[in-house]
> 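One structure, pasted below without further comment.
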Amino acid sequence: DVKVTQSSRYLVKRTGEKVFLECVQDMDHENMFWYRQDPGLGLRLIYFSYDVKMKEKGDIPEGYSVSREKKERFSLILESASTNQTSMYLCASRGVREANYGYTFGSGTRLTVV
Amino acid sequence: SQQGEEDPQALSIQEGENATMNCSYKTSINNLQWYRQNSGRGLVHLILIRSNEREKHSGRLRVTLDTSKKSSSLLITASRAADTASYFCATDGAGSYQLTFGKGTKLSVIP
């Protein structure tokens with residue numbers, strides 16, 4: 001089975017800190033995605049990556065950046081964390097050969113910015 | 001971006017009953033998918049239906065798609081307490097790598 005691993009389940013950071021959220025997948029998937037999930041707003045796409053070293057903005061990229069130096073790893077960076085970035089962050093991946101099989105999600109990182 | 005909208009927002013049923021959730025979307029799609037999320041966890045892919053399909057089954061799940069009405073439904077038959085979760089529909093458009101998710105239906109199955 002494909003496994004998508006997010007480095008932390010829970011994270012507490014201070015306002016202004018630079019925060020790194022790591023996501024690793026083990027099935028050689030080309031596509032990787034970062035979403036945030038908030039009550040009443042559902043899942044919103046922050047950034048995605050078609051392949052290594054490629055990245056595209058999603059619907060809410062402001063305040064975030066990403067890095068995809070290796071195919072298996074997709075990092076989300078909060079340049080200067082703010083309290084409105086307190087949220088559940090979900091990473092997902094999908095292989096282009098598996099376009100009809102849906103995304104595989106990690107377990108999520110619940111980030112609290114104080 | 002297009003977005004699916006699930007209906008109802010919350011649903012509470014007795015174990016053994018059927019649960020039906022609906023999803024509407026705005027623009028043309030390649031396929032529509034349903035996901036499940038247990039509290040505080042990641043999403044799990046349940047089933048995908050392509051735009052040229054009208055109905056699909058997987059175990060106790062039945063999904064229908066009506067592209068003329070831009071809507072889909074997910075039926076869970078003979079529900080179990082373990083089916084308690086939030087259910088999301090997601091759509092992708094032509095040439096798009098990304099899925100757009102609805103806000104979900106929270107299903108509670110009472111033992």
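Labels below follow one simple rule: chain letters A, B, ... track the order of the sequence lines, proteins then strands, and each chain is numbered from 1. Any value given below was found using the heavy atoms of this structure, including those in side chains, with hydrogens, waters and symmetry copies removed.
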> Cluster question for you: counting only ILVMFWY and a side-chain heavy-atom cut-off of under 4.5 Å, with indirect links fine, are A:M88 and A:Y64 together?
no
> Side chain, backbone, both or neither: which part of B:Q37 has a heavy atom under 4.5 Å from chain A?
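Side chain only.
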> More than 12 foreign heavy atoms under 6.0 Å from NZ of B:K106: is that the case here?
no
> Hey, is CD on B:E53 packed in by over 12 heavy atoms from elsewhere, all under 6.0 Å?
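Buried by this count: over 12 neighbours within 6.0 Å.
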> Please say whether more than 12 non-hydrogen atoms of neighbouring residues, nucleotides or ligands are located less than 6.0 Å from NZ in B:K56.
yes
> Are A:F48 and B:L99 packed together at the side-chain level, in the sense that at least one heavy-atom pair is separated by less than 4.5 angstrom?
no
> How many angstroms lie between CZ in B:F101 and OH in A:Y35, if you round to the nearest 0.5 Å?
4.5 Å
> Would you say CZ of B:R60 has more than 12 non-hydrogen atoms from neighbouring residues, nucleotides or ligands within 6.0 angstrom?
yes
> Distance only, no hydrogens: is a donor on one side chain within 3.5 Å (strictly under) of an acceptor on the other, for B:Q98 and A:E56?
no
> What are the two closest non-hydrogen atoms of B:F88 and A:L43, and how far apart are they?
CE2-CD1, 3.9 Å
> Is there a path of hydrophobic side-chain contacts, each under 4.5 Å between heavy atoms of I/L/V/M/F/W/Y residues, joining B:L46 to B:I29?
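Shared cluster, yes.
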> How many angstroms lie between atom CG of A:L41 and atom NZ of B:K103, to the nearest 0.5 angstrom?
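Reported value, rounded in 0.5 Å steps: 6.0 Å.
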> Say you draw a straight line from CZ of A:R94 to CG of B:D92; how long is it, rounded to the nearest 0.5 Å?
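If I round to the nearest 0.5 Å, the distance is 6.0 Å.
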> Check whether A:L76 and A:L11 end up in the same hydrophobic cluster, where Ile, Leu, Val, Met, Phe, Trp and Tyr are linked by side-chain heavy atoms less than 4.5 Å apart.
yes
> I'd like to know if the side chain of A:Y103 and the backbone of B:L43 have a donor-acceptor N/O pair within less than 3.5 Å.
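Absent.
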> Assigning hydrophobic clusters by single linkage (Ile, Leu, Val, Met, Phe, Trp, Tyr; side-chain heavy-atom cutoff under 4.5 Å), is A:F33 placed with A:Y47?
no
> For A:Q6, is it the side chain, the backbone, both, or neither that has a heavy atom closer than 4.5 Å to a heavy atom of chain B?
neither
> Can you tell me which portion of A:R9 sits under 4.5 Å from chain B's heavy atoms? Options are side chain, backbone, both or neither.
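Only the side chain of A:R9 comes within 4.5 Å of chain B.
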> Nearest heavy-atom pair of A:L90 and B:R41: which atoms, and what distance?
CD2-O, 4.4 Å
